[in-house]
A.B. asks: 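Shown below is the structure under consideration.
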Amino acid sequence: MPQYLTVGHLLRQLQELDPNLPVRLAVNPDFPFAHFVGAEVVVRDGKAYIADDGQEDYLPVGARDALTWV
């Protein structure tokens, strides 16, 4: 995933998924946790910001493997 991810890139990746599928942020490969995604999107200084909404649990091993966080 490029560090310059745009709204368009994100929309293209999400459009084929089940709209009822829960979303989590995978954070920090050295200390892998799953975080809830905040409900608001804030646009400032030409960028869209989505806050995390707290930590859920350790990132599942299958997700770590898919992200190549071994």
Side-chain angles (χ1 to χ4, degrees):
M1 185 65 59
Q3 290 184 344
Y4 56 87
L5 180 71
T6 66
V7 170
H9 288 124
L10 188 57
L11 287 173
R12 280 190 293 281
Q13 290 185 60
L14 296 175
Q15 69 184 358
E16 299 295 323
L17 299 178
D18 176 353
N20 295 310
L21 190 66
V23 175
R24 300 293 181 267
L25 297 174
V27 179
N28 192 351
D30 294 325
F31 197 57
F33 275 93
H35 289 249
F36 297 106
V37 179
E40 287 189 60
V41 176
V42 176
V43 177
R44 293 289 183 275
D45 303 320
K47 294 182 180 125
Y49 294 92
I50 305 170
D52 89 39
D53 196 23
Q55 184 173 297
E56 180 181 39
D57 202 351
Y58 286 101
L59 190 63
V61 172
R64 281 184 271 169
D65 290 347
L67 292 166
T68 64
W69 289 3
V70 290

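Just so it is clear, the model here is predicted, and its values are computed rather than measured. For the numbers below, each heavy atom of this structure counts, side chains included, while hydrogens, waters and symmetry mates do not.
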A.B. asks: Quick one: closest heavy-atom pair of W69 and P32, and the distance?
C.D. replies: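 It is CE3-CB, 4.2 Å.
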A.B. asks: If I compare all heavy atoms of Q55 with all of F36, which pair ends up nearest, and what's the gap?
C.D. replies: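 Heavy atoms of Q55 and F36 come nearest at O-CE1, 3.9 Å.
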A.B. asks: Distance check, rounded to the nearest 0.5 Å: K47 atom NZ versus T6 atom OG1?
C.D. replies: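 Here the rounded value is 13.5 Å.
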A.B. asks: At their closest point, which heavy atom of G54 faces which heavy atom of D52, and how far apart are they?
C.D. replies: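 Smallest heavy-atom distance, with atoms named: N-OD1, 2.9 Å.
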A.B. asks: Out of curiosity, H35 NE2 to E56 CD, how far, rounded to the nearest 0.5 Å?
C.D. replies: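 Separation between the atoms: 10.0 Å.
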A.B. asks: Look at the rings of F31 and Y58 and say which category their plane angle falls in: under 30° parallel, 30 to 60° tilted, over 60° perpendicular.
C.D. replies: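 Answer is perpendicular, since the angle exceeds 60°.
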A.B. asks: Would you call L14 and V23 a side-chain contact if the rule is heavy atoms closer than 4.5 Å?
C.D. replies: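 No. Closest side-chain heavy atoms not under 4.5 Å.
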A.B. asks: Provide the closest heavy-atom pair for Y49 versus R44 in the form atom of the first, atom of the second, distance.
C.D. replies: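 That would be CE1-O, 3.6 Å.
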A.B. asks: So which atom in R64 and which in L59 form the shortest heavy-atom distance, rounded to 0.1 Å?
C.D. replies: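 The answer is NE-O, 3.1 Å.
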A.B. asks: Going hydrophobic residue to hydrophobic residue with side-chain gaps under 4.5 angstrom, can you get from L67 over to V27?
C.D. replies: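 No, because L67 and V27 fall into different hydrophobic clusters, even though each may have its own neighbours under 4.5 Å.
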A.B. asks: Can you name the closest pair of heavy atoms from A48 and V41 and give their distance?
C.D. replies: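 So the two residues come closest at CB-CG1, 4.0 Å.
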A.B. asks: Grouping I, L, V, M, F, W and Y whenever their side-chain heavy atoms are under 4.5 Å apart, do I50 and L25 come out in a common cluster?
C.D. replies: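 They do share one cluster, since a chain of ILVMFWY contacts under 4.5 Å joins I50 to L25.
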